[in-house]
Amino acid sequence: MTVSSAPIRQGVVAVNGEGVIEGVYDSHSIPDGVTVKKLAGVLIPGFVNTHCHLELSHMLGKIPQHTGLPIFLSNVIKDRNSTEKNILSAMKKADEMMFKNGIQAVGDHVNSAISASIKEKSKIIYHTFVEVIGINNAELQAKIDHARDIEFHFDADHSSITPHAPYSSTKMMFKAFKKAIAEDNIISIHNQESDEENKLFRYRMGDFLTFYADQGIDMSGFKAQARNSLQSYLPYLPASNKIILVHNTYMSLKDLDFINRMNKKVILCLCPKANLYIENTLPKIPIIEQDNLDITIGTDSLASNDTLDMLEELKTIHAHYPDVDLNKSIRWATLNGAKALGLDADLGSIEVGKTPGLVLLKNMNQLRFTKNVQVERIV
């Protein structure tokens, strides 16, 4: 499955020692003198994990499941501290796990520069999103400047700053952020991961008010917007930048219509296992996929997942929504992710000149993602 064109039964991919694709053939067009290594399964390009938090890898198994997002966030803030040695060790293990699981590129959110050394040595290509959290309007420019300082530690061609989430940003922060970035700054924002987020923006009520109080955050100036969070903040983001909306668990048809009317470069990232871990529910994927927006897939972090495995995310989607087209979902997990991160010139599809990595899906039964399907990295 090249992803960029129709699947090729008994197809053959020619790849050199550097992983560059040199040819794609059907069984009748293989050049003379070529030795073919036969594989049983479905060959696809390496996965692109559009959303992760590598620096939370040391939190595997620490956070209870099904608490809802505000309590989950409180637990992360309370339990995320550890020694630098433990954090680095866990990140290295997670990075190696992702590569073994066929992941070729990752969109990774950070709050510090601690993952820079891991990424520099990794076989994976990372685009690093440095989060800006701006609840206090008096500190907005300082927060943006601090994010820029952290971004300096990462690959300049594959990093950007981004608002963390609507519940951790003010209207003034979004306005200041818009003025501070260039058109090539990719945005990746947590969106409608919890219905409590929509309650906060619509009615100024719900569990987020308790969360703020517990964190000592003064929200007395926050006013109900009488509409969902997405509709409250999206107008303040720039029209020319790519905007990856992550999770979208409680996105409505009205929200999707609002996105289309805003005419912005919006991509929707799904993290199904993390949604089940935290909120015990999934986005309405059959409704979302009927829209014209590109969909991508992410694993989120080991604070909200038991593995960083894109195949397991695909299995989860197909187990809950069996009518989702397999070809389409593989595109979500590969080429669409590469496009979202600006890496599609090299990754995401099996095409001559690209270095996408090659992954074998084994034990496929009539092209279905059953629990028996396994992933093996080939290149």
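It should be emphasised that the depicted structure is a prediction, and the values quoted were computed from it without experimental measurement.
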Any side-chain heavy-atom pair of Leu69 and Glu279 under 4.5 Å: yes
Can a donor-acceptor pair be found between the side chains of His127 and Ser160 at a distance below 3.5 Å? yes
For Ile21 against Glu351, the heavy-atom pair lying closest together: CB-O, 3.2 Å
Do Asn101 and Met310 touch side chain to side chain, with heavy atoms closer than 4.5 Å? no
If every non-hydrogen atom of Leu360 is compared with every non-hydrogen atom of Leu43, which pair is closest and at what distance? CD1-N, 4.1 Å
Crowded around Arg368 CZ? As in, over 12 foreign heavy atoms under 6.0 Å? no
Report yes or no: do His109 and Ser188 form a side-chain donor-acceptor pair below 3.5 Å? yes
Contact check, side chains of Ile378 and Glu376, non-hydrogen atoms, under 4.5 Å: yes
Give a yes-or-no answer on whether the side chains of Asn191 and Asn248 include a donor-acceptor pair shorter than 3.5 Å. yes
Output field: ring centroids His190/His53 closer than 6.0 Å: yes
Atom of Thr334, atom of Gly46 and distance for their closest heavy-atom approach: CG2-O, 3.7 Å
Centroid-to-centroid, Phe222 to Tyr167, below 6.0 Å? no
With a 4.5 Å limit on heavy-atom distance, are the side chains of Ile278 and Gln65 in contact? no
Quick check on Arg9: does its CZ atom have over 12 non-hydrogen neighbours (other residues, nucleotides or ligands) under 6.0 Å away? no
Give a yes or no on whether a salt bridge exists between Lys92 and Glu96, defined as a side-chain N under 4.0 angstrom from a carboxylate O. yes
Can you name the nearest heavy-atom pair linking Ala239 to Lys264, along with the distance? N-NZ, 3.9 Å
For a quick check under 3.5 Å, do Asn365 and Asn372 share a side-chain donor-acceptor pair by atom type? no
Show the nearest heavy-atom pair for residues Tyr321 and Lys284, with the distance to one decimal. OH-CA, 4.0 Å
Residue pair Leu347 / Lys354, side-chain heavy-atom distance below 4.5 Å: no
Any donor-acceptor pair under 3.5 Å from Asn16 side chain to Gly19 backbone: yes
Is the charged tip of Arg227 near the ring of Phe201: under 6.0 Å from the six-membered ring centre and within 45° of its axis? no
Check the pair Glu193 / Asn275 against side-chain hydrogen bond (donor to acceptor under 3.5 Å, both in side chains), numbers first and verdict last. CA-CA 7 Å; Glu193 190 176 357; Asn275 299 152; 4.9 Å; no
Electrostatic pair Asp306:Lys273 at N-O distance under 4.0 angstrom: yes
Apply the test salt bridge (Lys or Arg N to Asp or Glu O under 4.0 Å) to residues Lys119 and Asp108: give CA-CA distance (whole Å), side-chain angles for both, the deciding distance (0.1 Å), then the verdict. CA-CA 10 Å; Lys119 292 172 180 175; Asp108 188 59; 2.7 Å; yes
Determine the minimum heavy-atom distance between Asp255 and Gln231, stating which atoms define it. OD1-NE2, 2.8 Å
Using side-chain heavy atoms (C-beta onward) and a distance below 4.5 Å, is Glu312 in contact with Lys371? no
Under 4.0 Å between a side-chain nitrogen and a carboxylate oxygen: does that hold for Asp95 and Lys121? no
